[in-house]
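The structure appears right after this line, and notes come after that.
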Amino acid sequence: MPEHDETQRKNGQVLEVRDVSKSFGAVRALSGVTLAIDAGEVLGLVGDNGAGKSTLVRCIGGIHRIDEGSISVDGADSGELDPERARELGIEIVHQHLSLVEQFDVAQNMFLNRELMRTGPAARRLGWLNKRAMYESTSETLSSLDIRLDARARVATLSGGQRQIVAVARAVTWGSHIVVLDEPAAALGVRQSEMVLNFVRMLARRGVAVVFITHNMDHVLQVTDRVAVLRQGRKVADMPTRGVSAQEIVAFITGADGHPAAREG
């Protein structure tokens, strides 16, 4: 089976990772990885544990600094990324272990570490929050995304699928157009998984570029436009999802396609 590569993308490209490498001591986590994604596209990023997916995501999010290569957003080199700079560029990551506070309500989680403050010297000095503005903004955001949740609902009372959607909605609120989802439907039941997958489809229709990381091949085939496969830190496939089978994707993941395994170092 030949290697597939569609890194030359059409107009509308919002994110490009070019020849990115990253090592941790003697361990080569990424070796010359190149991929790109357009606005409104869902890119499936797959591979076994240790293939380099998490490292790549952390490089895109500015958590890890790359050793070689470049990361561009909207055609401009992002330079040395850190998490704050990545957020400024509109990159938001929803990690597998959601950073939601169960004791807080939806609005408090949406504005976590980005709280709106009341105006005026006394209010600023005393640190008074503008709760009305946060609840109104959250309600408007949920409505615009067709999410039927009460902004005052405690996260602890929500289902797993609803929590995932809150986390993704927060990412969309603060990320202008690039959202990375790390196993968004992991450990969810069929109905809750479908809720999350439908939300991913809706994001794409709205022009959001989505990087969708999952081990579930059914989910890859259902919601992605293209799939990129990492194996031992190298990209070994980059192909349209249409026309590819789960068995073919797994073959690339495991090396059963006959492609030589990447070497570290």
Side-chain angles (χ1 to χ4, degrees), residues 6-7 9-17 35-46 53 56-62 71-76 78 81 83-96 98-100 106 109-112 114 137-149 161-186 188 192-214 216 219-228 238 240-242:
E6 291 199 349
T7 55
R9 307 305 300 158
K10 61 187 178 182
N11 292 335
Q13 182 183 104
V14 294
L15 176 68
E16 181 184 30
V17 175
L35 55 80
I37 183 170
D38 296 332
E41 183 179 32
V42 181
L43 171 67
L45 183 62
V46 301
K53 303 186 302 298
L56 181 58
V57 165
R58 291 182 178 122
C59 288
I60 293 171
I71 298 175
S72 299
V73 177
D74 294 328
S78 62
L81 279 175
E84 183 176 358
R85 174 62 176 156
R87 287 192 294 268
E88 289 174 355
L89 292 171
I91 301 171
E92 289 287 334
I93 299 175
V94 179
H95 296 281
Q96 183 174 356
L98 303 179
S99 54
L100 298 179
V106 172
N109 274 280
M110 291 284 281
F111 281 90
L112 191 64
R114 291 175 167 118
S137 177
T138 298
S139 295
E140 290 172 2
T141 297
L142 296 176
S143 177
S144 71
L145 294 173
D146 297 325
I147 300 173
R148 298 180 181 179
L149 284 178
Q162 289 172 324
R163 295 184 193 196
Q164 283 285 4
I165 286 175
V166 169
V168 177
R170 181 174 64 185
V172 174
T173 299
W174 301 108
S176 60
H177 52 197
I178 303 167
V179 175
V180 181
L181 306 177
D182 188 358
E183 294 283 358
L188 297 182
Q192 293 181 347
S193 293
E194 189 59 31
M195 182 191 308
V196 173
L197 297 181
N198 284 336
F199 192 56
V200 171
R201 295 185 186 99
M202 184 269 292
L203 295 181
R205 289 195 298 270
R206 291 170 178 263
V208 178
V210 181
V211 179
F212 184 85
I213 302 170
T214 183
N216 190 312
H219 292 172
V220 170
L221 297 178
Q222 287 180 54
V223 300
T224 68
D225 301 298
R226 196 160 46 89
V227 57
D238 191 335
T241 306
R242 183 185 296 273

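I213 CD1 to L56 CG: the interatomic distance, rounded to the nearest 0.5 Å, is 7.5 Å. Here the OG1 atom belonging to T214 is positioned 10.5 Å from the CG atom belonging to L181, to the nearest 0.5 angstrom. To the nearest 0.5 Å, atoms OG (S144) and CZ (R206) are separated by 5.5 Å. Separating the CD1 atom in I165 from the CG atom in L149 is a distance of 7.0 Å, to the nearest 0.5 Å. L197 contributes atom CG, which lies 4.5 Å from atom NE2 of H219 (distance to the nearest 0.5 angstrom). Here the CG-CG distance, from L100 to L112, works out to 8.5 Å after rounding to the nearest 0.5 Å.
For the side-chain contact (heavy atoms from CB on, under 4.5 Å) with L89, the lone residue among V14, I71, L81, D74 that qualifies is L81.
Using modelled atom types, no side-chain atom of T224 and backbone atom of G44 make a donor-acceptor pair closer than 3.5 Å. With D38 contributing its side chain and E41 its backbone, the two residues share no donor-acceptor pair below 3.5 Å. A side-chain donor-acceptor contact under 3.5 Å links T141 to the backbone of S137. Remark: the backbone N or O of N109 is paired with a side-chain donor or acceptor of R170 at under 3.5 angstrom.
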Notebook entry, point to check: After noting the C-alpha distance and the side-chain angles of V168 and L203, does the key distance pass the side chain to side chain contact (heavy atoms under 4.5 Å, CB included) rule?
Noted result: CA-CA 10 Å; V168 177; L203 295 181; 3.5 Å; yes
Item checked: Trace of the side chain to side chain contact (heavy atoms under 4.5 Å, CB included) decision for Q13 with I37 -> CA-CA 6 Å; Q13 182 183 104; I37 183 170; over 6 Å; no
Next item on the list: Just do the side chain to side chain contact (heavy atoms under 4.5 Å, CB included) check on Q222 and R201 with the steps written out, would you?
Entry: CA-CA 9 Å; Q222 287 180 54; R201 295 185 186 99; 3.6 Å; yes
Note to self: I'd like to know whether E92 forms a salt bridge (charged side-chain N to carboxylate O under 4.0 Å, His left out) with R87, so could you lay out the CA-CA distance, the side-chain angles of the two residues, the decisive distance to 0.1 Å, and finally the verdict.
What the structure shows: CA-CA 6 Å; E92 289 287 334; R87 287 192 294 268; 5.0 Å; no
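Counting all heavy atoms, side chain and backbone alike, A209 lies closest to A39 at CB-CA, 4.3 Å. Taking every heavy atom of both residues into account, L43 and A36 meet most closely at CD2-O, 4.3 Å. The heavy-atom pair separating V200 from V210 by the smallest distance is CG1-CG1, 4.2 Å. The two residues V211 and L45 come nearest to each other via the heavy atoms CG1-CB, 4.2 Å. What you find for G62 and A86 is that their closest heavy atoms are N-CB, 4.4 Å. Summarising the geometry of M110 relative to V166, their closest heavy-atom pair is SD-O, 3.9 Å, with the distance given to 0.1 Å.
Under the 4.0 Å criterion applied to side-chain N and carboxylate O atoms, E84 and R114 are not assigned as salt-bridge partners. Taking the charged nitrogens against the carboxylate oxygens, K53 and E183 have no contact shorter than 4.0 Å, which rules out a salt bridge.
Applying the ring-ring contact (aromatic ring centres under 6.0 Å, His included) rule to F199 yields no partners; only residues at least two apart in sequence or on another chain are considered.
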